[in-house]
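After the structure tokens below, expect a handful of questions from me.
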There are 2 protein chains.
Amino acid sequence: MARATLESVARHAAVSRQTVSNALNAPHLVHPDTLTRVRAAISELNYRPHHAARTLRTRRSQLVGARIEPWRDGVNGAVLDRFLQSLTARAQARGQRILLFTAEDDEQECAHYEDLLSGLDLDAFVLHGTHADDRRTAWLAQRRVPFVTFGRPWGSTGTHGWVDVDGAEGTRAATRHLVAAGHRRIAFLGWPEGSEVGDDRRSGWADLALAAGLEVRPGYDAGVADGLGTGRAAAAAMLDLEVPPTAIVCASDSLALGAWTELTARGLRPGADVAVVGFDDSTTAAVVGLSSVAQPLDDAAAACLRMLHDVLETDRPRGGRADGTDGPPEGGRPGPPDPVLLSPQLVVRASG
Amino acid sequence: MARATLESVARHAAVSRQTVSNALNAPHLVHPDTLTRVRAAISELNYRPHHAARTLRTRRSQLVGARIEPWRDGVNGAVLDRFLQSLTARAQARGQRILLFTAEDDEQECAHYEDLLSGLDLDAFVLHGTHADDRRTAWLAQRRVPFVTFGRPWGSTGTHGWVDVDGAEGTRAATRHLVAAGHRRIAFLGWPEGSEVGDDRRSGWADLALAAGLEVRPGYDAGVADGLGTGRAAAAAMLDLEVPPTAIVCASDSLALGAWTELTARGLRPGADVAVVGFDDSTTAAVVGLSSVAQPLDDAAAACLRMLHDVLETDRPRGGRADGTDGPPEGGRPGPPDPVLLSPQLVVRASG
DNA sequence: AACGGTCATTGGAGCGTTCAAATCAGTCTT
DNA sequence: AAGACTGATTTGAACGCTCCAATGACCGTT
């Protein structure tokens, strides 16, 4: 059976093409009686609008691009996966779809934007892993491409909408929990200074250590590249201190699991002997019983799409038509939407 | 700057629309001289074909649908993530894109097919997680929708192309490795009988146990629901046997990690005291040093797309290209492509 | 009865592309 | 030298949809 088109539905309901179109896209314009008649015809013929045709006309594809990361060292990779999963589900509920692409670095990612925009005309992008001087956001902003980022515009002039999770709040909660459990010597095992996310997470620990008057000794604040091996070595160094910490707050589950490994190798029980708290609530953390700070990824995905919706709504005309009639000046371009900063949640397990 | 169209490129190169189109899609039809001229114009104007317009005309979207799974219990979820990552990269290299969707169950998935096909006209689907009497494959096959599955058509009449990893081969390799290491009492910890994948993995162990004349005692073959807790309990039961096994081959990393947890809780060292081998090579396995059977997911993704290409090629909705080079002899509907069965690889770590 | 005004509906045009058929020049055949 | 053939290119139409301007029908007001 040939697929139904607007035309065939219109004939079947004895109205014009346009009326059917209106019944679909602007129901308030059509008379209630005809509306029901048209709707009956639609369901009877099992009609669905042809996406490509609509896109061609409206310049709106309902497609949102997202980058899927190459498989990194491992433990933390699942965060993106969970985010994508939520993003897909949320987008689907809104009648949008998520289109995947990969890129090795930011520059390549921009090249893909170019391809995807001019070839496939996506409506928008959801970026993640923002950092200072992110050329991707600059690229997109310059071309007026709608996008939001999962991750705040670290340092730079954030002229775009973003959603992020408050890392400092997470480590603060972790530290507060450890203080409540009686710990006084709480160390931080994070990344080298200069990484925005890392510094943010460190600051939460530092804040609370200061506020609670904790005993912060030299060597209680380590910064190493992310990884199990590096985490383990750094933890070993801490444990070898003259007065070792009784608890370690970590910037990632990788580091925390490194520390965890070192503890068990020394015959120390995580939690009972030395407490360890990770970050991101990876599945591995759940398996070995590592307390960890969980990001509300589903909320983040929902917030991203809500924000994207607003951006798309206020930014309708994209790219001037060739006929000279550029869109109405509309006064000043409305500012970016209000950013959203979500609080993570500490998941307490055996390790602390 | 308004975007370039075929028309504007044509004017710029002083040829007709169609010639530009041919330069792109059927270069052999156009004179070498004009070809270079047109190509110059294309790159000068930075022209990219408009995807929606092309789709509208050709009924080919270059979009492939794939389902992303809701977040399951955890450890094994990453397999799909890695598969998707590879699939995206491979599709990208072929000029195709992966479109995500989610569904709670097979029935819902079929409903989404309907939506995606009639609304968005995807070209094809890549399914995963096939099982006996899979209504999804029946649904798609009946409607002549091109698709391939990652996972063989267990039991049912496989009239479609599929790619799978030989699970039995994996457990066979694991068992063989343990035998070579001197083990004689090797148990299998898997899922209850009736799950196709589980039975397949069990059979590899059973095969080799028989062939090598291993000492298989009652209680050496357990079948429990996948999970850490269940795996741990089942392992405990095995270790409590009068003559416990010295090694355990598992159907999943979840189960293996459960066993691993039980071992360490008893003060036994995995590998040194009792060997454990998992399946799927999850990141958690890598972290804790668990040997595991790794699936060649990147190869699988590549094979899926290669196969999909063949299916799309032989199943053109509107006759072949006009370029004469029409490949297949056109003799009736060609059968499904030859299935691909890949061998997994055992990754040996501390646990065995 | 003629007038503006709102509501419901319609037909034509066009989005950018490819398909099918037509054109036109040049070459080979008889 | 006229016809048939090949190769390179062009023209008109169509894909299914939405935008835009225009048409009627119906209303209350003069």
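In what follows, every chain begins at residue 1, and chains take the letters A, B, ... in the order their sequences are listed.
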B/Asp81 CG to A/Glu69 CD distance, which is reported to the nearest 0.5 Å: 10.5 Å
Between C/dT17 atom C1' and B/Arg3 atom CZ, what is the distance in whole Å? 11 Å
How far does the helix from C/dA1-D/dT30 to C/dT30-D/dA1 bend, going by the axes of its first and last five pairs, to the nearest 10°? 60°
Paired with A/Met307, the side chain to side chain contact (heavy atoms under 4.5 Å, CB included) test is passed by just one of A/Thr149, A/Asp338, A/Val163, namely A/Val163
Calculate, to the nearest 0.5 Å, the distance between atoms OH and CD belonging to A/Tyr47 and A/Glu7 respectively. 11.0 Å
Counterpart residues, side chain to side chain donor-acceptor pair (under 3.5 Å), relative to A/Asp133 (two or more places apart): none
Let me see the working for B/Arg136 and B/Asp106 under salt bridge (charged side-chain N to carboxylate O under 4.0 Å, His left out), right down to the final yes or no. CA-CA 6 Å; B/Arg136 302 174 298 166; B/Asp106 287 358; 3.6 Å; yes
Taking only the side-chain nitrogens and oxygens of A/Arg59, find out if one of them lies under 4.0 Å from OP1 or OP2 of C/dG16. yes
D/dT10 P sits how many Å from B/Glu7 CD, rounded? 11 Å
Audit row: B/Asp164, B/Leu342, side chain to side chain contact (heavy atoms under 4.5 Å, CB included) steps and yes/no: CA-CA 6 Å; B/Asp164 204 355; B/Leu342 301 168; over 6 Å; no
Given atom CG of B/Asp33 and atom P of C/dA25, what is their separation to the nearest angstrom? 19 Å
Option among A/Val64, A/Leu117, A/Val148 that satisfies the side chain to side chain contact (heavy atoms under 4.5 Å, CB included) test with A/Phe125: A/Leu117
Between CG of B/Leu24 and C1' of C/dT17 the distance, given in whole Å, is 11 Å
From CA spacing to verdict: ring pair (Phe, Tyr, Trp, His ring centres under 6.0 Å), A/His128, A/Phe83: CA-CA 10 Å; A/His128 60 88; A/Phe83 180 67; 7.1 Å; no
Tell me: CG of A/Leu6 to P of D/dC15, nearest whole Å? 13 Å
Interatomic spacing from CZ in B/Arg48 to CG in A/Leu116 - rounded to 0.5 Å: 10.0 Å
So, does B/Thr19 use its side chain to make a donor-acceptor pair with the main chain of B/Val15 at under 3.5 Å? no
Excluding sequence neighbours, so at least two apart, what forms side chain to side chain donor-acceptor pair (under 3.5 Å) with B/Gln96? none
Measure from CZ on B/Arg11 to P on D/dT11 and round the result to the nearest Å. 13 Å
Atom pair distance, as rounded to whole Å: CD in A/Gln18 and P in D/dC20: 11 Å
Polar atoms only, N or O, under 3.5 Å: list the protein pairs with nucleotides 21-28 of chain D and their distances.
none

Parallel, tilted or perpendicular: which one describes the rings of A/Tyr113 and A/Trp139, with boundaries at 30° and 60°? tilted
Set out, in order, the CA-CA distance, both residues' side-chain angles and the distance that settles salt bridge (charged side-chain N to carboxylate O under 4.0 Å, His left out) for B/Arg90 and B/Asp298, then state yes or no. CA-CA 9 Å; B/Arg90 297 286 189 164; B/Asp298 190 54; 2.6 Å; yes
Below the 4.0 Å mark, does D/dC17 have OP1 or OP2 next to a side-chain nitrogen or oxygen of A/Ser21? no
Please enumerate all protein N or O atoms sitting under 3.5 Å from an N or O of nucleotides 5-9 of chain C, with distances to 0.1 Å.
| unit_1 | atom_1 | unit_2 | atom_2 | d |
| --- | --- | --- | --- | --- |
| C/dT9 | OP1 | A/Thr34 | OG1 | 2.7 |
| C/dT9 | OP2 | A/His31 | N | 2.8 |
| C/dT9 | OP2 | A/Thr34 | OG1 | 3.2 |

Does any residue of residues 49-58 of chain A have a heavy atom under 4.0 Å from DNA chain D, and if so, which ones, in number order? A/Pro49, A/His50, A/Ala53, A/Arg54, A/Leu56, A/Arg57, A/Thr58
Check this for me: A/Glu107, atom CD, are more than 12 non-hydrogen atoms of other residues, nucleotides or ligands nearer than 6.0 Å? no
Is any side-chain N or O of B/Arg17 under 3.5 Å from a base N or O of C/dT18, one able to act as donor and the other as acceptor? yes
